[in-house]
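First the proteins, then the strands, lettered A, B, ... as listed; each starts at 1.
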Number of protein chains: 2
Amino acid sequence: MNKIGVSIRDVARETGLSTATISRVVNGGRKVSEKTRARVLEACARLDYLPNPAARALSTRRSKAVAAIIPTIEHSVFAKFIAAIERALGERGYSLIMAISNADETEELAAARKLLGMGADALILSGLDHSDLLLDMLERRAVPYVFTSAWDARSARPTIGYDNALLAERAMHHLADHGHRRVAVVHGPLAESDRTRARRAGAMSVSDRFEHLAFFEAPLDVAGGKACVSAALEDPRDFTAYLCSTDVLALGAYFACAEAGKRIPQDVSVMGFDNLDWSRDIVPPLTTIDLPAVGMGEMVAHRIVAYLEDGAPLQNELLTAQIIERGSVADLT
Amino acid sequence: MNKIGVSIRDVARETGLSTATISRVVNGGRKVSEKTRARVLEACARLDYLPNPAARALSTRRSKAVAAIIPTIEHSVFAKFIAAIERALGERGYSLIMAISNADETEELAAARKLLGMGADALILSGLDHSDLLLDMLERRAVPYVFTSAWDARSARPTIGYDNALLAERAMHHLADHGHRRVAVVHGPLAESDRTRARRAGAMSVSDRFEHLAFFEAPLDVAGGKACVSAALEDPRDFTAYLCSTDVLALGAYFACAEAGKRIPQDVSVMGFDNLDWSRDIVPPLTTIDLPAVGMGEMVAHRIVAYLEDGAPLQNELLTAQIIERGSVADLT
DNA sequence: TGTTGAAATGTAACCGGTTACACCGCACCT
DNA sequence: AGGTGCGGTGTAACCGGTTACATTTCAACA
């Protein structure tokens with residue numbers, strides 16, 4: 001029974017019809033006469049009938065819930081992403097069940113167990129690297145899933161995202177094109193994220209355009225970026241530009257510069273990654289890469305629903321991202 | 001059946017026991033011999049048996065999912081709150097289903113319909129004001145719920161949160177105590193949020209300590225705060241301090257000051273509300289009110305689960321918040 | 001040895017939908 | 001008149017657990 005105890009059988013009794021007919025009306029089935037349909041709808045409204053989702057899920061084997069596991073939700077591009085997924089799923093009658101992994105494979109596995117144990121129809125994961133146990137479980141249970149926030153042409157598993165390595169490479173070219181030869185790359189913990197590793201590798205691949213190219217690993221928050229850049233500002237290599245693998249780190253870089261009395265971009269250039277909402281408002285406005293978090297969320301939701309409803313196969317999908325040139329990178333040429 | 005087609009009856013057949021016994025073992029029931037328990041557990045593992053959540057929900061009338069509707073998830077205290085809820089629910093074996101209302105009552109109602117239609121056992125709402133249709137629905141369906149991020153001693157419905165009016169009042173006293181007499185309060189859209197209205201009312205209640213007290217309504221994001229403060233800096237009343245109803249708006253205020261060449265706190269003081277992660281890293285560090293987002297999330301989760309499992313009644317719970325004094329408010333005395 | 005009762009297990013009804021299939025009535029055709 | 005087809009509806013078997021109640025087992029005790 002639902003909370004007020006009205007079941008489909010009550011509606012059937014009330015209208016003198018069978019539960020089959022009620023079910024057909026409620027689900028918009030085609031083979032019902034207009035007269036009957038109206039009568040049923042009226043009775044449903046009058047009795048305040050609401051189908052029991054568990055019963056429905058049991059007999060259809062579909063919960064209409066999609067699960068997503070993300071590393072973090074706080075001040076970052078993931079919040080936008082997850083909000084877009086939630087909206088897009090909602091428009092199609094699906095709900096989002098969410099869990100946060102704190103970028104930890106063990107937590108991710110536990111979260112996946114929990115979410116699948118709740119009956120999620122599909123799973124959205126962040127990044128490409130996941131525990132083998134998790135992957136095995138997905139295969140064994142034949143759960144549809146996608147990897148997001150990354151893209152790998154050669155991946156046998158569906159990835160929907162952007163090419164982190166390429167974007168980092170493009171960012172480095174942008175700095176090089178502006179005459180920067182001594183650059184520091186500030187990124188989050190390598191151990192935690194394949195996306196971070198991809199960005200680092202991408203940046204590294206164009207090292208020949210630089211005199212000095214240093215990589216710094218910092219905790220992935222504003223304080224981490226700030227501390228890291230504060231220290232790097234003392235570095236004898238005297239970097240002219242900082243490429244931050246996240247706008248969050250870039251914000252920390254701004255604060256480090258403010259504290260050290262360095263002006264951006266006159267003394268130091270800073271470039272970000274993400275294009276968070278405040279990036280264009282900060283002073284000076286931050287040059288960054290506009291990651292398509294919203295578009296990615298929508299695409300992921302569309303594709304998952306298309307798979308669930310029509311069996312459209314999940315595939316690799318590459319999303320593009322643009323460098324947004326604003327005022328934080330000086331032209332030294 | 002679950003995805004690989006193993007049901008409780010398969011395990012029963014495999015072990016030569018009845019489904020009742022399997023069920024008892026799986027649910028940690030007490031009346032099973034150790035020998036049997038071990039045998040069942042072994043069979044479950046071998047067959048990779050996973051209970052079907054829909055079947056379980058159908059017969060227990062419990063989905064073990066809690067729904068939350070929040071106005072926004074992007075760069076704000078809500079992300080912390082929701083993350084804490086998710087974690088705390090997870091520890092107790094519950095999942096979080098989330099929807100975003102964009103601070104719109106109609107969207108909120110639609111979201112509630114959807115989430116309840118998914119079978120959520122309880123509903124977490126933000127703020128005190130909600131559409132009557134929503135409230136009626138909750139009562140009719142006897143859905144347990146709490147209002148959060150606000151507290152009202154006189155509320156007949158359970159509220160778990162802080163006293164927004166009182167906190168705003170305390171913030172204003174803080175400014176007055178530091179010798180500020182010309183203060184501007186920057187807040188989000190009044191129409192959207194009872195919390196905003198409460199904060200405004202609280203600030204207003206101590207207007208007699210000020211020469212000039214102005215209220216500005218801005219879009220609730222960094223750009224909004226920046227534009228609003230940029231304009232206010234031109235105001236002939238020459239405010240010495242800006243109280244921002246969110247750190248997000250305060251960040252905008254910082255940027256406005258940076259652009260206008262005003263130094264904080266030498267030329268202008270800024271005070272926030274929330275204590276977001278970067279608040280202590282910004283230069284100068286932001287004086288703000290440390291809202292207990294994490295503690296609130298945990299308490300909400302605890303209380304809801306306690307109600308669901310033990311029937312412990314949901315009540316009003318007041319959480320306290322402290323002013324964190326940092327460097328952004330000048331002492332003019 | 002028979003009695004008693006607690007512990008362990010089984011039986012089967014039930015939760016509330018969905019849906020394959022059977023059936024009915026009626027219009028239309030030959 | 002009898003046959004055909006189809007739209008509309010009902011019957012009842014599922015989906016996969018939970019659990020009240022019945023039943024069996026067996027140790028302890030008079």
| task | Report yes or no: do B:E105 and B:H130 form a side-chain donor-acceptor pair below 3.5 Å? | result | no
| Any donor-acceptor N or O pair under 3.5 Å, side chains B:E309, B:Y94 | yes
| request: Go along nucleotides 6-12 of chain C 5' to 3' and tag each nucleotide: B for a protein heavy atom under 4.0 Å from its base, S when only backbone or sugar atoms are that close, - otherwise. | output: --SBBBB
| task | With sequence neighbours excluded, tell me which residues meet side chain to side chain contact (heavy atoms under 4.5 Å, CB included) with A:S126. | result | A:I70, A:P71, A:F78, A:T148, A:R195
Over how many whole Å does the gap from [X] atom [atom1] to [N] atom [atom2] extend?
X: B:R56; N: D:dC15; atom1: CZ; atom2: P; value: 18 Å
X: A:I8; N: C:dT19; atom1: CD1; atom2: P; value: 11 Å
X: A:N27; N: C:dT19; atom1: CG; atom2: P; value: 7 Å
X: A:L58; N: D:dG17; atom1: CG; atom2: C1'; value: 8 Å
X: A:K64; N: C:dT18; atom1: NZ; atom2: P; value: 11 Å
X: A:R61; N: D:dC15; atom1: CZ; atom2: C1'; value: 6 Å

| Closest contact, heavy atoms only, A:A68 versus A:L115 | O-CD1, 4.0 Å
| B:P144 side chain reached by B:L314 side chain, heavy atoms, under 4.5 Å | yes
| Atom CD in B:E107, atom CG in B:N102: separation rounded to 0.5 Å? | 4.5 Å
| said: I want to check one thing: is the phosphate of D:dC15, taken as OP1 and OP2, less than 4.0 Å away from some side-chain N or O of B:N52? | reply: no
| query | Which nucleotide in the list D:dT18, C:dT18, C:dG17 gets nearest to the side chain of A:S7? | reply | C:dG17
